[in-house]
Amino acid sequence: MDINSLKEAQLSLSKKVRASDEKQCVETIAGVDVAYNEQSSEVVGAITVLNADTLKVLEVQTSIEPISFPYIPGLFSFREVPPLLNAYNKLTITPDLIVCDGHGLAHPRRFGLACHLGVTLDIPTIGCGKTKLLGEFNKLAAHRGATADLLDNDEVIGKVLRTQDNIKPVYVSIGHKVSLDTAVEWVLKLTPKYRLPETTRQADQLVNKTLKEHREKTYEKT
DNA sequence: GCGACAG
DNA sequence: ATCTTGTCGC
């Protein structure tokens, strides 16, 4: 599978993305993250399901497998989706919404990780990246809740959102079956204390812990 | 050619 | 993403 055909696949799949709210009641929200061990060429994918109201962790699952795709900006999801799907398939709870650590529509072909995961699972998803991949935006106020449109020419592809006072903003975009305004609302609800959504923080801690334990276990045998 | 480039 | 110690501050 060459790069151009994968880009064609993204353009085709992007037509399946739904950009409006389609879930009436959200009780559980999942967070996903991935960590790599380039030395052993292994990847850990993790998913954490939280109670949408209390933000307490309800269930966590992980998957360790060989890295199957290199990191290529714009084709990022082909590297992260496999381990995330394997972790997701172990869940006993079906989350009402998934927050991804990467962009959704704020992507060159409007098909970032959040869209890819959302369309694949047919579940509402939100893209919440730590750094920009595409687009321009004006300065935003320094307080929590301040936003600025993320624009690609004249098209609004996402929102730059400051989740804490005087802290570097995050980039929120539609993944699937959710509107941009609702996506921003959720990210704000998920960041009562830290810059990144609680879902992402939990998943991040989980992948790092899992990768560390796996390294130590492998080291003992060698 | 030059700069940008999710994790 | 990952390589990496101490350190400033609540």
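Quick caveat: nothing in here was measured; it's all calculated off a predicted structure. Each chain gets a letter, A, B and so on, in the order its sequence line appears, and its residues count up from 1.
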Which part of the nucleic acid does A:Ala106 contact within heavy-atom distance under 4.0 Å: base, sugar-phosphate only, or nothing? nothing
Taking only side-chain N and O atoms of A:Ser77, does any of them lie within less than 4.0 angstrom of OP1 or OP2 on B:dA6? no
Charged N to carboxylate O below 4.0 Å: is that the case for A:Arg215 and A:Glu42? no
Under 4.0 Å between any heavy atoms, over every strand shown, what does A:Asp101 touch: base, sugar-phosphate, or nothing? Just pick one. sugar-phosphate
Rounded off to whole Å, could you give me the CG-to-P distance for the A:Leu113 and B:dA6 pair? 13 Å
If you check the A:Ala35 side chain, which of B:dG7, C:dT2, B:dC5 turns out closest? C:dT2
When you get a sec, tell me which of B:dG7, C:dT2, B:dC5 is the closest nucleotide to the side chain of A:Thr131? B:dG7
Taking NZ, NE, NH1 and NH2 as the nitrogens, is one of them in A:Asp165 or A:Arg144 under 4.0 Å from a carboxylate oxygen of the other? no
Atom CG of A:Asn89: over 12 foreign heavy atoms under 6.0 Å: yes
Just how far, in rounded Å, is P of B:dG7 from CD of A:Glu42? 23 Å
Tell me: CG of A:Leu84 to C1' of C:dA1, nearest whole Å? 14 Å
Round to a whole Å and report the spacing from CD of A:Glu136 to P of B:dA4. 13 Å
With respect to the side chain of A:Asn208, which nucleotide from B:dG7, B:dA6, C:dT2 is positioned closest? C:dT2
Please report the distance, rounded to the nearest Å, between CD1 in A:Ile72 and P in B:dC5. 17 Å
Classify A:Gly74 by what it touches in the nucleic acid, base, sugar-phosphate, or nothing, heavy-atom distance under 4.0 Å. base
A:Ile67 CD1 to C:dT2 C1', in whole Å, measures 11 Å
In whole Å, what is the span from the CZ atom of A:Arg109 to the P atom of B:dC5? 16 Å
Heavy atoms under 4.0 Å, any strand shown: does A:Tyr71 hit a base, just sugar-phosphate, or nothing? base
Which nucleotide wins on minimum distance to the side chain of A:Arg215, given the candidates C:dC3, B:dC5, B:dA6? C:dC3
Between A:Glu27 and A:Asn51, is a side chain to side chain donor-acceptor pair (under 3.5 Å) present by the stated rule, with each step listed? CA-CA 6 Å; A:Glu27 300 183 326; A:Asn51 176 302; over 6 Å; no
Below the 4.0 Å mark, does B:dG7 have OP1 or OP2 next to a side-chain nitrogen or oxygen of A:Lys130? yes
Could you check how far NE2 of A:His107 sits from C1' of B:dA4, rounded to whole Å? 14 Å
Does the side chain of A:Ile67 come within less than 4.5 Å of A:Arg79's, by heavy atoms? yes
Of the options B:dC5, C:dT2, B:dA6, whose atoms approach the side-chain atoms of A:Leu211 most closely? C:dT2
